[in-house]
2 protein chains.
Amino acid sequence: MAQKGSRKTVAKTPDIRTVAALAKVSIATVSRTINRSPAVSERLSKRVWQAIEQLNYFPNTHARTLVSGRSRLMGIIVENITNPFFPELIQSFEETAVAHGYEILVSSSNSDAAILTNCVRRMLERKVDGVAVMTFGEEEPVLNELVNHDVPMVLAEFHLEDPKASTILLDYTTGIHAAINHLVELGHRKIAFLAGPHKLHSAITRENDFRKAMQAAGLKPKKEWIVECDHTPKGGVAGFEKLKALPVRPTAILCSNDMTAIGVLRAAYMGGLHVPQDLSVIGLDDIDFAEFTLPALTTIRLSRTDLAEAAFEALRQQAEEPGNANIQREFLVSTSLVVRGSTGAPPSEA
Amino acid sequence: MAQKGSRKTVAKTPDIRTVAALAKVSIATVSRTINRSPAVSERLSKRVWQAIEQLNYFPNTHARTLVSGRSRLMGIIVENITNPFFPELIQSFEETAVAHGYEILVSSSNSDAAILTNCVRRMLERKVDGVAVMTFGEEEPVLNELVNHDVPMVLAEFHLEDPKASTILLDYTTGIHAAINHLVELGHRKIAFLAGPHKLHSAITRENDFRKAMQAAGLKPKKEWIVECDHTPKGGVAGFEKLKALPVRPTAILCSNDMTAIGVLRAAYMGGLHVPQDLSVIGLDDIDFAEFTLPALTTIRLSRTDLAEAAFEALRQQAEEPGNANIQREFLVSTSLVVRGSTGAPPSEA
DNA sequence: CTGCCGAAAGAAAGCGATTTCGCCGCACAG
DNA sequence: CTGTGCGGCGAAATCGCTTTCTTTCGGCAG
C-alpha cells in the first residue's frame with residue numbers, strides 16, 4: 001500500500017529470460033547451454049555461463065519437470081524410520097542420489113497399509129522417477145497403483161511380475177550359516193531363533209535360512225525354540241521371556257534383527273543372566289549401535305550401503321534407459337558374520 | 001517399433017482437460033472445484049468430483065507450483081541422521097507436514113559447510129516453502145542464500161536477524177537443574193559434564209546451564225571435570241577415559257546427549273565400574289534407545305514431537321500468512337528429567 | 001555468380017495447472 | 001418493459017522451461 005513502486009525494485013530470482021537478455025542470446029540457447037547440448041558454439045556458451053554466474057541463476061526444477069516429464073526425484077519408502085537400520089539406509093540412498101543429481105522423497109510406512117497407500121499417492125503426485133520399496137512386507141496390492149502409472153520400482157526380497165520392477169535379493173544364507181557354525185564351534189547345540197513378524201518377507205526368509213543352517217549343522221531346533229517377535233527391543237524382551245519359561249532352555253539365541261537382540265540383552269540382564277557366560281546372543285543387521293551394546297553385539301552384517309546403492313542403481317537404469325532391454329533386473333546383496341562380545345562357550349552342563 | 005498404434009492406446013494419466021471434458025465444464029471450473037473455491041455451484045461441483053473419481057485424477061504438483069509459486073514442500077536439514085534423535089525428529093516433522101498437506105525434503109549436513117551449502121542450493125532449486133535448520137551449529141554464513149531468496153526459516157537455538165526467520169528456544173534449564181538436584185539429593189558432590197563440540201550452539205547452551213545449575217546447588221565443578229566431546233558414543237568413551245585419568249574422580253557424569261552417555265556406559269563397563277553403584281550417568285535427549293541401555297538411562301527428555309511441531313508451525317505461518325505482522329516468531333520447547341536406572345547414591349568414601 | 005548444404009541460433013509451441021478478466025443471464029428496481 | 005447488479009462460468013494469459021521447427025549465414029561446388 002505505502003510504497004507502490006516497491007514491487008518493481010524487489011530483486012526477484014533471475015529467469016532464463018534474464019540470463020538470455022544479459023548474454024544477448026535467445027532463451028533456447030541458454031537452455032541448450034545449461035543442458036550441455038553440443039549444438040551451441042564455444043563463444044556463446046562462454047558468454048551464457050558468465051551471465052549465469054553473474055546472476056547466480058539456477059533453473060526452476062518444476063518448470064523443467066513439467067515439460068521434460070522427468071522430475072529427478074526418487075522415492076524411498078521404509079518400514080520404520082525409528083529402527084536405526086533405516087536411517088542408515090536412507091543416508092546412503094541420499095548420498096548416491098545426490099551424486100547422480102537426484103533428490104529423494106522419504107516416507108515411513110510403519111507397516112500400515114493405509115499410510116503406505118497415502119505415501120504412494122503422494123509420490124505419484126510429485127511425479128517421482130522411481131520408488132525404492134524397502135518395507136520387506138506384504139505390500140503388493142497397494143503397489144498396483146505404481147505399476148499402473150508405469151513408475152520404476154525396486155523391491156527388497158520380492159519379485160513383482162512387472163517390466164518396470166526390479167528385485168534385490170538378500171543373501172542371508174551366508175551370514176546365517178556362519179553364525180550357526182560359530183555357535184556350534186563354541187559348543188552350542190541348543191540354539192533358539194527369535195523370528196520377525198511373519199508378514200515381512202525378510203522375516204520369513206531369515207527364519208527359513210535359520211532352519212536350513214541348523215539342518216546343515218546336523219541340529220534340529222525344537223519347535224518352541226522358534227518364536228515370532230516384532231523386530232523391536234520390546235519384542236526381544238517378550239521373546240526372551242517365552243524362552244525362559246520353557247522346561248529346556250536354549251544356550252544361544254539368534255535374533256532376526258539387532259533391535260530384537262538388544263531387547264534380549266536387556267531381558268537377560270534383568271533376569272540375572274550374564275551374556276555371554278550364561279547365554280550367547282547374535283543379532284542381524286549390524287546397525288551402528290551394535291558396537292556399543294553391553295556386551296558388544298555379535299551380529300550378521302547387512303550392508304546398508306550395498307543395499308542402497310543397488311536400489312538406486314536399479315531405479316536409475318529403469319528411469320534413464322527405458323528402451324534398453326538388457327537392464328539388470330536382479331541384484332544380490334550379501335551378509336557376513338561380525339563376531340564381538342555377545343557370544344561365547346555355553347555354560348557347562350549343570 | 002513393432003506396434004505403431006501402441007502409443008495411442010496407452011492410458012496416460014488424466015489431465016485437467018480430460019476431467020473438464022468428461023464433466024462437460026471448463027478447466028477453470030475444474031481447478032476451482034479442486035481448490036474448493038466457493039464460486040462454483042453445487043451442481044457443477046458434484047459433476048466435477050464425480051469425473052475426478054471416475055478418472056482417478058490427481059493434479060500435477062509441478063504445474064501447480066509453477067503458476068502458484070508455492071510448492072507445498074518443506075525442507076528439513078539435520079545435523080546427523082545416524083544419531084537416533086534426528087530420525088525421530090524427522091518422523092514427527094513428516095507426520096505434521098503430511099497432516100497439513102505438505103511434503104518434506106530431508107538433508108543431513110554432517111556438520112560440513114560444503115554439504116550444507118549444497119543442501120541449501122538444492123532446496124532452493126526445488127522451491128521449498130520453508131526450511132527447518134536443525135543443525136544447532138555455526139551455519140549462519142551459508143544461510144544467507146536462503147535469506148536472500150526470502151525463504152522462511154526456523155532455527156534451533158539461534159536468532160537470525162531476518163523477518164522471515166523464526167527461532168525455537170530450548171529450555172534446557174529446567175531439565176538440567178532437575179538432573180543436578182536429583183544427583184545432589186542422592187548425595188553426589190563431584191559431578192562432571194561431558195560437553196558437546198563447541199561449534200554447536202546447543203552444546204554451549206547446555207554447558208552454560210550445567211554451570212548455572214551447579215552454582216545454584218552450591219557446587220563448583222573443577223575445570224577438568226568439564227570436557228569437550230563430540231556427541232557420539234566414541235566421544236563418550238574418550239571423555240570417560242579422560243575423567244578416569246584424573247587424580248580426583250567425579251562420582252556422577254552428566255552428558256550433553258544420550259549418545260555420549262551410551263559411550264560412557266560402555267567405557268565404564270569395560271573399565272570394570274558398575275553403574276550406578278560406582279558411577280551415576282545422566283544423558284540428554286531421551287532417544288527411544290535410552291530405555292534399553294544397560295542399565296536403562298536416566299536422562300533429560302527433549303521432546304522431538306514438540307520440537308518438530310513448533311518448527312513446522314513456524315514455517316507454516318511464515319509461508320501461509322506472509323502479510324500477517326503478528327506471526328509468532330519465537331517458540332519454546334521444554335525439557336524434563338526422566339529417572340531410570342543409571343543413577344544412584346555415590347559409593348561411600350573409601 | 002548462383003545455388004545448395006549444413007551448422008548455429010532464434011521463434012514459437014507446448015507441458016498442466018491457476019487466475020484474471022469479461023460475458024451471460026437472471027433477479028430486481030424504476 | 002428496460003436498465004442495473006451480481007453470481008456463475010468460460011476464454012485466455014501466464015508460470016519457466018524444453019524442444020521442434022525455421023531461419024540465417026558462411027562455405028564450397030558447379
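First the proteins, then the strands, lettered A, B, ... as listed; each starts at 1. Model, not experiment: these values are computed from the prediction.
- By the 30° and 60° cut-offs, the orientation of the rings of A/Phe312 relative to A/Phe93 is perpendicular.
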Could you list, one pair per line, each protein nitrogen or oxygen that sits under 3.5 Å from a nitrogen or oxygen of nucleotides 11-16 of chain D, together with the distance?
unit_1, atom_1, unit_2, atom_2, d
D/dG16, N2, A/Ala63, O, 3.4

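- Taking atom CZ of A/Arg72 as the reference point, atom P of D/dC17 lies 16 Å away to the nearest angstrom.
- Atom C1' of nucleotide D/dG8 and atom CD of B/Glu42 are separated by 14 Å, given to the nearest angstrom.
- Of the charged side-chain nitrogens involved, none lies within less than 4.0 Å of a carboxylate oxygen, so that A/Arg122 and A/Glu125 do not count as a salt-bridged pair.
- Using cut-offs of 30° and 60° on the angle between ring planes, the pair A/His62 and B/His62 is tilted.
- Summarising the geometry, the separation between CG on A/Leu44 and P on C/dG10 is reported as 7 Å, rounded to the nearest angstrom.
- Ring geometry for B/Phe58 versus A/His149: interplanar angle of 30 to 60°, hence tilted.
- A/Arg36 has its CZ atom 18 Å from the P atom of C/dA8, to the nearest Å.
- Residue-level contact check: B/Val30 touches neither bases nor backbone, having no heavy atom under 4.0 Å from any strand.
- The phosphate of D/dC17 (OP1 or OP2) has no side-chain N or O of A/Ser31 nearer than 4.0 angstrom.
- Nearest approach of A/Gln318 to A/Ala165, heavy atoms of both residues: NE2-N, 4.2 Å.
- Side chains of B/Gln54 and B/Gln50: no donor on one and acceptor on the other come within 3.5 Å.
- Rounding to whole angstrom units, CZ of residue A/Arg43 and C1' of D/dG26 are separated by 13 Å.
- Rounded to whole angstrom, the span from the CD atom of A/Glu125 across to the C1' atom of C/dA17 amounts to 13 Å.
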